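Just below is one structure, and these are the notes that go with it.
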Amino acid sequence: VRVPISWLRQYVDLPRDTQAVVGRLAMLGFPVEDVEERPPITGVVVGRIVNLEKHPNADRLLIGRVDVGKETPLTIATAAANVAAGQMIAVAAIGARLPHLLIEPRKMRGIASEGMMISADELALPADWFEDGILQLESRARPGADVAAAYGLDDDVLEVEVTTNRADAMCMIGLARELAASYGVALRLPSAINPGTQEEPPGETPRVLIESSDCLRFVAQRFDGIRLEPAPAWMRIRLALAGQRPINNVVDVSNYVMLETGQPLHFYDSASIENGRLIVRDATPGENIVTLDGVQRSLSGQSLVIADERQPLCLAGLMGAAAGEVKETTTSIVLEAANFNGPRIRRMSKALGLRSEASSRHEKDLAPALTDAGAARAAQLLVELGVTAYEAHAFGAALASNAPITLRLGEVERLLGVALAPTRIAGHLEAVGCTVVPRPSGAIDVVPPSWRRDLAIAADLIEEVARMEGYDAIECVVPSVPAHEISSAQFELENRLAAELAALGYDEIVSYSLVGRHAPESAAVLDPLSEDQRYLRVSLLPAMIEYFARNGPVRVFEIGHVFRRENAHVGEYALATFGFSSTATPEAAWRDSSFLRLKGDCEALIRRVTGRYPETSRDARDGFHPGKTAVMMIDGREVAHLGQLDPRLARKGDAALWAYACTVLLDRLPEYALPRYSPPPKFPSTYRDLAIVVPLDDTAAEIERLIESTLGPACTGIRVFYEYRGPQVAAGRKSLAVRFTLQRFDATITDEEADLAVERVVNALRKRGAVIRQ
Amino acid sequence: MSELAGKLDDLHRRFGAAVATAGDTRALDAVRVEFLGRSGEVTVLRRDIGSLPAQDRPAAGKAINDVVAAMEEKLEQARARIEQRAVEDELAQTVDVTFPAIVPLMGTINPVRRIIEDVSAYFGSHGFAVVVGPEIEPDYYNFDALNIPADHPSRESFESFWLSDTLLLRPHTSPMQIRTMQLHRPPVAVLAPGKCYRRDAVDARHLFQFHQIEGLLVARDVHFGHLKGMLTGMCRALFGQDQKVRFRPSFFPFTEPSAEVDTTCPRCKGLERECRMCGGSGWIELGGAGMVHPNVLREVDYDPDVYAGWAFGFGAERLGLARYEVDDIRRFINSDPDFLAQLQ
């Protein structure tokens, strides 16, 4: 809400210092998002044009005699076309300061001009919201009065944020009320009395038929003697300072009352209402309405309209229809001050894509009693403009006061941790408008004021007490947290993985979960911000590949969720993906130490976080190189897969990226298995190396398993440590070197025993088709 | 006899010269072998003793032994001298210690995780557990259970990404309040960090994907002062001991009373009128907090007359902006290697 501080000052005495007001509003729960500092304006006064004559030496200049409340009028030359004798205008006397002007004595074509007639623009008001030429003040203005002070031009304007529960504070009176309560000073409100007392001419009494339970109250009031013209300057200037463009006296009154009281109003041309009867009803599906913004809208039964017997004249709470519009020819109007069901208005506004100042208030919980106050205020302003006001007629439910809330006084200390005297608690609640009735046994009954629809339970009242006491007054206490059994295991697993991956030399990145590319199992958001962010990622790899392409050779990891559509729901899986890119190509077609390094990192990582050793086997997987992909299993379940990224997918521009990555499935990692210590053997071990030639398809793991099963527990270590393929061995074969460690636990192993073991291994290998070298 | 003496003199003299020129222990060994080795000159002289008259032989033997003893002593002295010099040479070497180091291969933890870990460590030391949960939530957990019924005006302020009529990417971590309280009877004391999503236009201060840190304490005798105490402690742990924390009234459907929490701008401490961090206000916004609404407690079958609690939700990247004086929140997503290296 845009709030000119000068407007608030009408109702409540405030400090001069803008920052003091800003700070107080913030500590009441109304943060000020922006302060528009008004430029200083001094020496501009109200003047009455006594007479005007043509400048003797210049066709286009006029010489005015202007009464500024002093003994002798000022002589002022002007080139403006919209001036006439008898007008009240703003005059900058000699020495006046304006945003872009300093008024000094000067001669215009030989005649000394003792000041300057002022336009809205020169007062730092939006030029195109006001008349061309000299700003016209209202006739009741007093010559000599200081314009800046009288019209609030020199006070700053605040952009105040009001939370959705405080519809009552979306207006000047609402915020003034808060400040008055907080400062403990008086609140000066306009009279609540509606000046409309006359009965309408026969047959002209407005009638309202409420057919929908979503209209809680409707105050209708007829006004005659309407002539559309600009509203008085004071009203136009206030509206402009509040960011509302002045239109004409009728529209301006409705906007003014809404900004002042919070009650949105609507005016109908009486002549446009068939038989003088308004009906609040659901729209018939397919019914059309042309709203005041010129848009034709097709309605559904969800829309609530105010219609006459022929057609809808207003979209309830949103905007009027052209059919009921107040026009140049209008002489009589009917006011609507209504209260609607907020959620209904919000749904309508959303469905029609139509939001207005009125709807932003109606969609919240406005107080039904506000309808009467809004109508009364509008009637006062219209009567001031010379309009005839008739009686106000209220339709709908009778006004009821808010239900009392019982507050046990001990609850205040229980929730806030501050002990307050019962009188202090009651005082705070009364300051915000509540009626407090003591009850026996340490409780009070509290009736919230009509405008505070948000106060419904004891906790709401406790917040009011805290606000008035000031949140600063609540002392900081560090609690002693009672023991509980809640586990942090999942969080700790992720942090552990991150720490180990960082130790392995990988940098942690965070990428977007919403991506542009989709897989068959991708879930999509219904209303993405852009097509690049329509789908939920199914893998962390594409973002990592893009990262590789952008940043050159790097080692990175990401821990995050991926999502897969699974029938009616979306499955969510926690993954850790790490990988690296390099510029080097692999050294030989069959040897890839980058892969082996990746594998080593993965084994080390899994060992660190699970205490287990995974089994690796060859695998095929989308996104990976078909010949360089592996899966790691623990207890027969996949825990990770890894490999070189498919060079057809991992690209930087036209070139392939040499990139390797591993994905660990967090949900599959077994719980950490505590390692147990084995002391070093008492007897020395020995080892033997064998060089063998085997078919290309034989894997290192198969050879190791064969040796292991041949030797049994006597073999305590085994490792294929060298591979060769090439012209030195027969086609279709490769050479491997393997070392195995032999150990006895009851004695030192002898050479004879070791040789015997080698012989058994050689036999087993030969049986498998291996050739033993030298 | 005098012939032998002459030979010994000569031998001793030449030995002395050879030892003096030996520069290292290996040269010294060569000298020893040449003179005192198995086929060295001394051995040759000893062999000659046999050709002397018998009465001269003891004297000759003694003369040779005396010279040998003297030579061995010289040898030892020379060895000590050479070793001493080697140590001195080694110690005389200098390197340019300012020469750039050989950088180890070490990775980095993302600054957002670091913030979450540090906040968790503070709360952990006070007995809070840390829980994590799903990023896709049914509207029940995200709204209904948090006292935000279907027509509540604040639903829209969450600007959520919906996947269907009922599923959405969570716009806050508060659903974890419900999930935790449904799983555990009071007391509960948890932190729930995690990713959240909002349909916010991305700019220097906003991301549509960010991390929130939720905190929840529900037990007997928990009050607003405890919330202030813990959050003040947290800010001091993150930003320094002189840090101030300010609570302003606010509104959230799932807390009552509610508060917005600000902390002293860690960059300018409120001293700069044009501070790029706080815009001159002296405060930076951390997020929302408040006493858990009784309707939320009732939803999980906690008796609001017996138990009370508080909750808060802060943006981790926002904390990161303030803590590391980062100029643009977008740097936390797909961060380039330099950003990660600077903030490790």
Side-chain angles (χ1 to χ4, degrees), chain A residues 26-29 31 163-165 342-343 346 363-364 414-418 457 459-460 462-463 466-467 471 474-479 481-482 484 486-488 490-491 495 498-499 501-514 523 525-527 529 547 551 554-555 561 563 570 572, chain B residues 105-110 112-113 117 126-132 134-136 151 153-154 157 161-163 167 169 184 187-190 195 199 208-209 217 219 222-226 228-230 232-233 247-251 256-260 291 293-294 308 332-337 340:
Chain A
M27 294 315 282
L28 283 166
T163 49
T164 53
N165 61 325
R346 186 170 330 102
E363 68 182 22
K364 303 192 177 88
R414 183 172 82 98
L415 283 191
L416 299 181
V418 190
I457 60 170
D460 297 330
I462 292 169
E463 181 176 77
R467 269 189 338 120
Y471 278 19
I474 299 171
E475 211 178 313
C476 291
V477 183
V478 174
V481 174
H484 57 85
I486 303 172
S487 160
S488 306
Q490 181 69 21
F491 174 72
N495 284 343
L501 282 164
L504 288 165
Y506 294 90
D507 288 340
E508 185 176 16
I509 57 169
V510 177
S511 70
Y512 285 121
S513 305
L514 290 169
V525 297
L526 299 178
D527 44 1
L529 286 168
Y547 191 89
N551 291 294
V554 286
R555 294 163 68 83
H561 291 192
F563 309 85
V570 181
E572 193 169 336
Chain B
L105 178 65
M106 287 179 78
T108 56
I109 299 286
N110 193 277
V112 173
R113 180 181 302 279
E117 284 179 350
H126 286 85
F128 282 66
V130 188
V131 294
V132 292
E135 292 166 21
I136 295 178
D151 274 324
S154 74
S157 66
F161 289 105
W162 289 85
L163 303 174
L167 286 180
L169 284 170
H184 303 278
V188 297
V190 293
K195 281 200 186 83
R199 298 186 77 260
F208 70 77
Q209 169 186 315
L217 172 65
V222 167
H223 59 67
F224 198 92
H226 294 139
K228 289 188 69 175
M230 283 302 286
T232 302
F247 290 71
R248 290 182 281 112
S250 189
F251 170 70
E256 190 74 36
S258 302
E260 286 282 346
M291 300 303 292
H293 196 285
F332 287 103
I333 296 269
N334 288 317
S335 315
D336 61 54
L340 297 172

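Per chain, numbering begins at 1; letters A, B, ... match sequence-line order. Worth saying up front: this structure is predicted, and the values here are computed from it rather than measured.
Both the backbone and the side chain of B:Ile333 come within contact range of chain A, with heavy atoms under 4.5 Å apart. Within the 4.5 angstrom heavy-atom criterion, only side-chain atoms of A:Tyr547, from C-beta onward, approach chain B. For B:Val188, the parts lying near chain A are the backbone and the side chain together; criterion is any non-hydrogen pair under 4.5 Å. B:Leu340 touches chain A through its side chain: at least one heavy atom from C-beta onward sits under 4.5 Å away, while N, CA, C and O do not. When heavy atoms are compared at a cutoff of 4.5 Å, B:Phe208 approaches chain A solely by way of its side chain, counted from C-beta outward. For A:Glu475, the part lying under 4.5 angstrom from a heavy atom of chain B is the backbone only. Residue B:Phe128 touches chain A through both its backbone and its side chain, counting heavy-atom pairs closer than 4.5 Å. Using a 4.5 Å cut-off between heavy atoms, A:Arg414 contacts chain B through both its backbone and its side chain. Residue contact with chain B, scored on non-hydrogen atoms closer than 4.5 Å, involves the backbone and the side chain of A:Ile509 alike. Proximity to chain B is limited to the side chain of A:Val554, based on heavy atoms less than 4.5 angstrom apart. The contact between B:His184 and chain A is made entirely by side chain atoms (from C-beta outward), counting heavy-atom distances below 4.5 Å. With a 4.5 angstrom heavy-atom cutoff, B:Pro294 touches chain A only via side-chain atoms.
Under the side-chain hydrogen bond (donor to acceptor under 3.5 Å, both in side chains) criterion, A:Thr163 pairs with A:Asn165, sequence neighbours left out.
With a 4.5 Å cut-off on side-chain heavy atoms, A:Glu508 and B:Ile109 count as touching. Counting heavy atoms from C-beta outward, B:Arg113 and A:Asn495 have side chains that approach closer than 4.5 Å. Taking 4.5 Å as the limit, every side-chain heavy atom of A:Val510 sits out of range of all side-chain heavy atoms of B:Ser335.
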Query raised in the report: After noting the C-alpha distance and the side-chain angles of B:His226 and A:Val477, does the key distance pass the side-chain contact (heavy atoms from CB on, under 4.5 Å) rule?
Result: CA-CA 5 Å; B:His226 294 139; A:Val477 183; 3.7 Å; yes

Requested in this report: Mind running side-chain contact (heavy atoms from CB on, under 4.5 Å) on B:His293 and A:Ile457 for me, showing each step along the way?
Outcome: CA-CA 10 Å; B:His293 196 285; A:Ile457 60 170; 3.5 Å; yes

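Side-chain polar atoms of A:Asp507 and B:Thr108 form a donor-acceptor pair below 3.5 angstrom.
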